[in-house]
Amino acid sequence: MGDRIVVEQLTKRFGEIEAVRGVSFTVGAREVFGFLGPNGAGKTTTIKMLATLLEPTSGRLQIEGLDVVRQRQEVRRIIGLVFQDPTLDDRLTAWENLLFHGMLYGLSQAEIRRRAEPLLEMVGLAERQNSLVRTFSGGMKRRLELVRGLIHTPKVLFLDEPTVGLDPQTRSQLWQHIRELSRHHDTTVFVTTHYMDEAEHCDRTAIMDHGQIVALDTPEHLKQVIGSEEIRLTVRASALSERSRWEAELGQSFSGAGTELLFKTRNAGADVARIVQAVGPAIERIEIKRPTLEDVFLHLTGREIREETVSARDAWREFGRRRMGR
Amino acid sequence: MIALRGIYVIWLRELIRFVREPARIVGMVAQPLLYLILVGNGLAHGFQFRGAGSVNYLAFMFPGIVAMSVLFTSVFSAMSIVWDREFGFLKEVLVSPVPRAAIAIGKALGGTTVAVAQGAVILILSPLVGIALEPGRYLAMLGVLALLALALNGLGILVASRMESMQGFQVVMNFLVMPLFFLSGALYPLRGMPGWLAALMQIDPVTYGVDALRHLVYFRSALLATITQFSLAEDLAVTLGTAALLLVVSTVAFNRTRSA
Ligand SMILES: Nc1ncnc2c1ncn2[C@@H]1O[C@H](COP(=O)(O)OP(=O)(O)OP(=O)(O)O)[C@@H](O)[C@H]1O
Ligand SMILES: [Mg+2]
């Protein structure tokens, strides 16, 4: 009913490598859906299958009730995709890139102009629309790609690591734009990232690792997987002998060694007050640590988000990026 | 409808990119001239033309050099497919509702237009080698160049759609382009060659394009029979047939191409 994307038991095999292993999920209309995972997790492969660019090895894929494998042409009309690697034509102007894109979707020049204006305005590129794309910075190119992906008002917009290589400011701006999209247009945004903090911008996030979804929920719920917050305190060494008295008073023991003590809790705000009362002037420093999605990932997979060795293919891609001056 | 739009967009982009790169245009026109001046003059003064004492070698070579320009330009244009499919614009087009076939056709038409435009510039220089073309023959030669360019673009797209890397494409193309050029009769006539070489030259589709061009250059000249190898009708039929065949095959191949 309300589900715009339905994925059931999706798998993709490249010879020996099983890049995606039995993934299932649904995404609702107007949702910002995140796909979080380390390099090689299978994010791009999943997007490519959803965007009709790769045939699944097995499984069922639907977008707006259309079968992605059998009704490719129809699906292509209602999706937009911003690739992980830039695909603008940098010898054309920004406007020409948008114009050509719109024409590929059968829009008239006037219509493309009408749609492009507010979008270019939104991402702050209106003044530069007649410049060659090769004169753009990485962030400008990314924002232009976002606009281009929207010219034909897709029902689903796929963004494959849209913020890679951008500075923090540009990243947060881009996320603002993404949020605005789902709010003001009837567009579902499907976005991949390997930045933990970015998953927080999503309505729901699937955490992917080794081709499988290990968790799928709202960022809030995901963090509750960890169960608790943590209070970290540093105490004066001379007062350490009182540790067992503090623990008795709080009714819970600390973990940690030496002067660095950790206190696990579900209600850090209230417990900080109790700790201050119990430990008193022996405290040198106290802080509350809330779990990040980084911790969630560590908890779920036992690993930090890692850097994989680059394959020849990736190396070539990188070479291409550099050669194109990106 | 969307297919026609797609063909138009791909074609237009090819043209805009061409016009925006003056260095490439200069290079593409200068290269054949260099061949003409260095190789042409060298051969003209070093060797005697067999069978016809009074042939101006530079004029003989000129159609071959124009064909060479078309050959190189067409290959260069197809080469960008490999790059674009991996890194650029073409990836974008592949997710759009434009049919794959339209992309291949647009690309072939774009590459052909560019090749013919360059040929047109080089042909203007024909008086330098003692060829005087009136407008009718000039246009007819452009027509032949267009057919030849279509065939060669088809070939380039066919190879490009099978290749995943630029290196692979370049290796394959070097193995194709050089023989296609040298066996085309651009530098020496087919007639009088040893049997195996003559056979290879007859397989090379570029031979017929070059021969057709010579028909037009030596139109009504006493040398026509000495210089040309086939009838103009044969030349045109073979070139047209090759172009049609390669376009169909390359479109089908592109349709099957790994999409991203
Ligand atoms: N065309 C291909 N042929 C062979 N293996 C592939 C191909 N594409 C992807 N893979 C493999 O599939 C796995 C998943 O790759 P994918 O690109 O989907 O990862 P990702 O999550 O997008 O990673 P990244 O964060 O680096 O973009 C990797 O092991 C990769 O090497
Ligand atoms: Mg990826």
Side-chain angles (χ1 to χ4, degrees), chain A residues 14 44-45 47-55 71-93 96-97 99-108 132-134 145 148-149 151-152 154 158 160 312-313 316-324 326, chain B residues 1-25 77 79-103 105-107 110 114 163-170 255-260:
Chain A
F14 296 109
T44 299
T45 306
I47 281 203
K48 279 186 177 168
M49 287 189 282
L50 279 165
T52 76
L53 291 176
L54 267 182
E55 287 227 9
Q71 294 167 288
R72 257 186 229 188
Q73 218 56 16
E74 289 86 339
V75 169
R76 285 182 181 145
R77 283 174 199 278
I78 58 164
I79 60 170
L81 171 54
V82 175
F83 287 88
Q84 185 165 354
D85 306 308
T87 60
L88 293 165
D89 190 325
D90 60 2
R91 318 238 152 197
L92 300 182
T93 65
E96 285 165 345
N97 268 284
L99 175 67
F100 286 1
H101 176 91
M103 288 173 74
L104 295 175
Y105 288 82
L107 301 173
S108 72
L132 289 182
V133 169
R134 60 195 307 190
E145 289 199 290
R148 187 182 60 177
I151 285 287
H152 59 289
F158 296 99
D160 198 359
R313 205 185 140 69
W316 194 52
R317 219 159 63 173
E318 186 55 36
F319 166 73
R321 248 184 258 170
R322 275 202 218 122
R323 203 167 136 177
M324 310 285 281
R326 286 153 174 171
Chain B
M1 215 31 236
I2 204 94
L4 286 181
R5 278 297 201 91
I7 292 175
Y8 174 66
V9 166
I10 307 271
W11 174 82
L12 185 61
R13 166 181 181 257
E14 205 74 15
L15 243 63
I16 290 180
R17 285 183 64 114
F18 173 69
V19 174
R20 294 230 173 113
E21 258 182 293
R24 185 177 144 199
I25 305 177
S77 160
M79 189 151 75
S80 66
I81 290 182
V82 184
W83 188 264
D84 274 353
R85 192 179 51 214
E86 202 67 23
F87 302 116
F89 181 73
L90 216 49
K91 261 175 101 165
E92 226 267 306
V93 182
L94 289 170
V95 259
S96 78
V98 170
R100 300 282 185 270
I103 301 172
I105 293 170
K107 193 75 198 172
V114 167
M163 288 295 135
E164 298 211 344
S165 74
M166 296 290 270
Q167 291 93 324
F169 183 85
Q170 267 160 358
N255 232 334
R256 300 227 184 97
T257 191
R258 189 179 60 82
S259 45

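Throughout, protein chains are lettered first and strands after them, A, B, ... in sequence-line order, and every chain is numbered starting at 1. Heavy-atom basis, side chains included; hydrogens, waters and symmetry copies ignored.
Between B:Arg17 and B:Asp84, no side-chain nitrogen of the basic residue sits less than 4.0 Å from a carboxylate oxygen of the acidic one, so the salt-bridge criterion is not met.
Using modelled atom types and a 3.5 Å distance limit, the side chains of A:Thr52 and A:Arg76 yield a donor-acceptor pair.
Heavy atoms of A:Arg148 lying under 4.5 Å from chain B belong exclusively to its side chain. Looking at A:Leu132, only its side chain comes within 4.5 Å of chain B, counting heavy atoms on both sides. Looking at A:Glu55, neither its backbone nor its side chain comes within 4.5 Å of chain B, counting heavy atoms on both sides. For A:Ile78, no part lies near chain B; criterion is any non-hydrogen pair under 4.5 Å.
Counting heavy atoms from C-beta on, the side chains of B:Trp11 and B:Leu15 come closer than 4.5 Å.
Residue with the most contacts toward chain B among A:Arg77, A:Glu74, A:Glu145, A:Gln73: A:Gln73 (heavy-atom pairs, distance under 4.5 Å). Top candidate by heavy-atom pairs under 4.5 Å with chain A, chosen from B:Met1, B:Arg13, B:Glu21, is B:Arg13.
Under the 30°/60° scheme for interplanar angles, the aromatic rings of A:His101 and A:His152 are found to be tilted.
Considering A:Leu53, A:Leu54, A:Leu81 as possible partners of A:Ile47, the one that fulfils the side chain to side chain contact (heavy atoms under 4.5 Å, CB included) test is A:Leu81.
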